[in-house]
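For reference, the structure is listed below as structure tokens.
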There are 2 protein chains.
Amino acid sequence: MLFSKTSAYGIRAVLYLSMQKGHPFVLIREIAENLNLSYHFLGKIFQNLSQGGLITSYKGPNGGVRLARKPEDIFVLDVVRVLEGMDLFTECVFGLDKCSDHFPCPLHHKWFRIRKEISEMMASTNFAQLALDTNTFDFRIKTVSVGTPI
Amino acid sequence: MLFSKTSAYGIRAVLYLSMQKGHPFVLIREIAENLNLSYHFLGKIFQNLSQGGLITSYKGPNGGVRLARKPEDIFVLDVVRVLEGMDLFTECVFGLDKCSDHFPCPLHHKWFRIRKEISEMMASTNFAQLALDTNTFDFRIKTVSVGTPI
DNA sequence: AAGTTTTAGGACTTCATTGTCTTAAATGTA
DNA sequence: TACATTTAAGACAATGAAGTCCTAAAACTT
């Protein structure tokens, strides 16, 4: 899996917020239930997203979290940067400190090309686009029955 | 880092064997020292490479490990397949079981394209090529002094 | 002011990966 | 046969990521 769980959950959560009509504060508990994630763990992720300036939070009744800006202006890369930093995009495939453009390891150039595509993909994909592609997709892991009980 | 440490070490070790003249049995201890890796951990990795048919091992004096076939016929993907399986190349970016070509998550298609490039890169890079690019690169993490002591 | 709701923050647990250690098995040598 | 050398294999320990829990702080309600 390309992302850490933290990033995967964070992206899914930001996507959830991106799909709200208007931009109301949404309960972290609601998001956790709908995405079938641990409430406490997601709370921690939102702490970081909030410190990173991607979402705004509000305590107390009618509080919750919401996007700090429009979905069009938040990119997948923003979430990844806040939640795991940019090491993923600068580190050697082998994890070697001394590998660099100037002194490349044997996979350096090939990996550089692919890594660039990954970061360009993330930098060019905003949450408004993602939200469009999400309408047909149920992000919950456990599928819930929606039929009328007999 | 794209690879797990296990895969990174495995690739470096196979590369080390690929750079030998002839195809002698080489001590795991020697490889571990030259690549600055844990001997025991590398031993375990070689167990798997051996079970996976990529290298041949021989016990006792003058024993060690060597490639099971020519470097030209071993590809990076072979090592990764043996050491971590192919999950990396089939799994959803978000880790969602139900995501599939037929029922794609919102990043499915973009990630599919990149994942394909990664696997094609690994499937087309053999260890003879890598060895050529390694002649100028010192794979040891700690650099050792090679000057004549005064 | 007292109590409720909600996020914030820190301490703690669990789990998978990474790394270490010890013993067993295979092979060679004297 | 006894002993040395080397990989094989399994048990164990350390680390870091993932996940849980509890208390504090902020905001609202009465």
Side-chain angles (χ1 to χ4, degrees), chain A residues 1-14 16-17 24-33 35-68 80 82-85 87-88 91 94-95 141, chain B residues 1-13 17 24-33 35-68 80 82-85 87-88 91 94-95 141:
Chain A
M1 197 165 92
L2 175 68
F3 301 126
S4 65
K5 299 235 172 179
T6 301
S7 289
Y9 297 171
I11 293 167
R12 289 171 60 197
V14 169
Y16 186 96
L17 289 177
F25 283 108
V26 180
L27 293 186
I28 293 176
R29 180 141 255 142
E30 174 195 323
I31 302 173
E33 277 165 12
L35 299 183
N36 214 269
L37 302 177
S38 146
Y39 163 63
H40 291 285
F41 193 42
L42 188 57
K44 196 143 284 189
I45 290 170
F46 269 116
Q47 265 180 51
N48 293 325
L49 291 174
S50 173
Q51 284 162 6
L54 297 184
I55 64 111
T56 304
S57 67
Y58 203 82
K59 290 176 181 171
N62 305 311
V65 292
R66 72 177 175 202
L67 299 182
V80 173
V82 165
L83 295 178
E84 18 189 353
D87 278 4
L88 181 60
E91 209 182 28
F94 293 110
I141 287 176
Chain B
M1 196 164 91
L2 175 67
F3 301 126
S4 66
K5 298 235 173 180
T6 300
S7 289
Y9 296 172
I11 293 167
R12 289 170 60 195
L17 289 176
F25 283 109
V26 180
L27 294 184
I28 294 176
R29 178 140 257 142
E30 175 196 322
I31 302 173
E33 276 166 13
L35 299 183
N36 214 269
L37 302 178
S38 148
Y39 163 63
H40 287 102
F41 193 44
L42 188 57
K44 195 142 287 186
I45 290 170
F46 270 116
Q47 265 181 50
N48 293 324
L49 291 174
S50 173
Q51 285 162 4
L54 297 184
I55 64 113
T56 304
S57 67
Y58 202 83
K59 291 177 182 172
N62 306 311
V65 292
R66 73 176 174 203
L67 298 183
V80 173
V82 165
L83 295 178
E84 16 190 354
D87 279 4
L88 182 61
E91 208 183 28
F94 293 110
I141 288 178

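As a basis for the values below, the full set of heavy atoms in this structure was taken, side chains included, without hydrogen atoms, waters or symmetry mates. Proteins come first, then strands; the chains are lettered A, B, ... in the order of their sequence lines, and each starts at number 1.
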Rounded to the nearest 0.5 Å, what separation is found between the OG1 atom of Thr56(B) and the CZ atom of Phe25(B)? 6.0 Å

How are the rings of Phe41(A) and Tyr9(A) set relative to one another: parallel (under 30°), tilted (30 to 60°) or perpendicular (over 60°)? perpendicular

With respect to the side chain of Pro61(A), which nucleotide from dT7(C), dA4(D), dT5(C) is positioned closest? dT5(C)

Looking for any heavy atom pair under 4.0 Å, which part of the strands does Phe25(B) touch: base, sugar-phosphate only, or nothing? nothing

To the nearest angstrom, how far is Asn62(B) atom CG from dA30(C) atom P? 11 Å

Below the 4.0 Å mark, does dT20(D) have OP1 or OP2 next to a side-chain nitrogen or oxygen of Ser38(A)? yes

Whole angstroms only, please: what is the CZ-C1' distance between Phe41(B) and dA8(D)? 16 Å

In whole angstrom, give the distance that lies between atom CD1 of Ile31(B) and atom C1' of dT6(D). 13 Å

Tell me if a side-chain donor or acceptor on Arg12(B) pairs with a main-chain N or O of Leu35(B) at a distance below 3.5 Å. yes

Between Val14(A) and the options Leu54(A), Leu67(A), Ile45(A), Val65(A), the side chain to side chain contact (heavy atoms under 4.5 Å, CB included) test singles out Leu67(A)

What N/O pairs connect the protein and nucleotides 10-12 of chain D at under 3.5 Å? Give each pair on its own line.
residue: dG10(D); atom: N7; partner: Lys44(B); partner atom: NZ; Å: 3.3
residue: dG10(D); atom: O6; partner: Lys44(B); partner atom: NZ; Å: 2.9
residue: dA11(D); atom: N6; partner: Lys44(B); partner atom: NZ; Å: 2.9

Of the candidates dA8(C), dC21(D), dT20(C), the side chain of His40(A) sits closest to dC21(D)

Counting only side-chain nitrogens and oxygens, does Ser57(A) get under 4.0 Å of the OP1 or OP2 atom of dT6(C)? no

In whole Å, I'd like the distance from the CD atom of Glu84(A) to the C1' atom of dA18(D). 13 Å

If you only use heavy atoms from C-beta on, which nucleotide in dT7(C), dC21(C), dT6(D) is closest to the side chain of Ile28(A)? dT7(C)

For atom CZ of Phe3(B) and atom C1' of dT17(C), their distance in whole Å: 17 Å

Can you tell me if the side-chain N/O atoms of Tyr58(A) get under 4.0 Å from OP1 or OP2 in dT5(C)? no

CG of Asn36(A) to CG of Leu42(A): how many Å apart, nearest 0.5 Å? 11.5 Å

Can you tell if the side chain of Tyr39(B) reaches within under 4.5 Å of the side chain of Ile28(B), non-hydrogen atoms only? yes

Side chain to side chain, Tyr16(A) and Glu30(A), heavy atoms closer than 4.5 Å: yes

Spacing between Leu42(A) atom CG and dG9(C) atom P, to the nearest angstrom: 16 Å

When we call it a touch if two heavy atoms are under 4.0 Å apart, what does Gln51(B) touch: a base, just sugar-phosphate, or nothing? sugar-phosphate

Is the phosphate of dT7(D) approached by Tyr39(B) (side-chain N or O, under 4.0 Å from OP1 or OP2)? yes

Rounded to whole angstrom units, what separation is found between the CG atom of Leu49(B) and the C1' atom of dT7(D)? 13 Å

Can you tell me if the side-chain N/O atoms of Ser50(B) get under 4.0 Å from OP1 or OP2 in dT7(D)? no

Are any of the side-chain heavy atoms of Leu83(A) and Ile11(A) separated by less than 4.5 Å? no

Distance test, side-chain N/O of Tyr9(B) to OP1/OP2 of dT18(C), below 4.0 Å: no

Could you state the NZ-P distance from Lys59(B) to dT27(C), rounded to the nearest angstrom? 7 Å

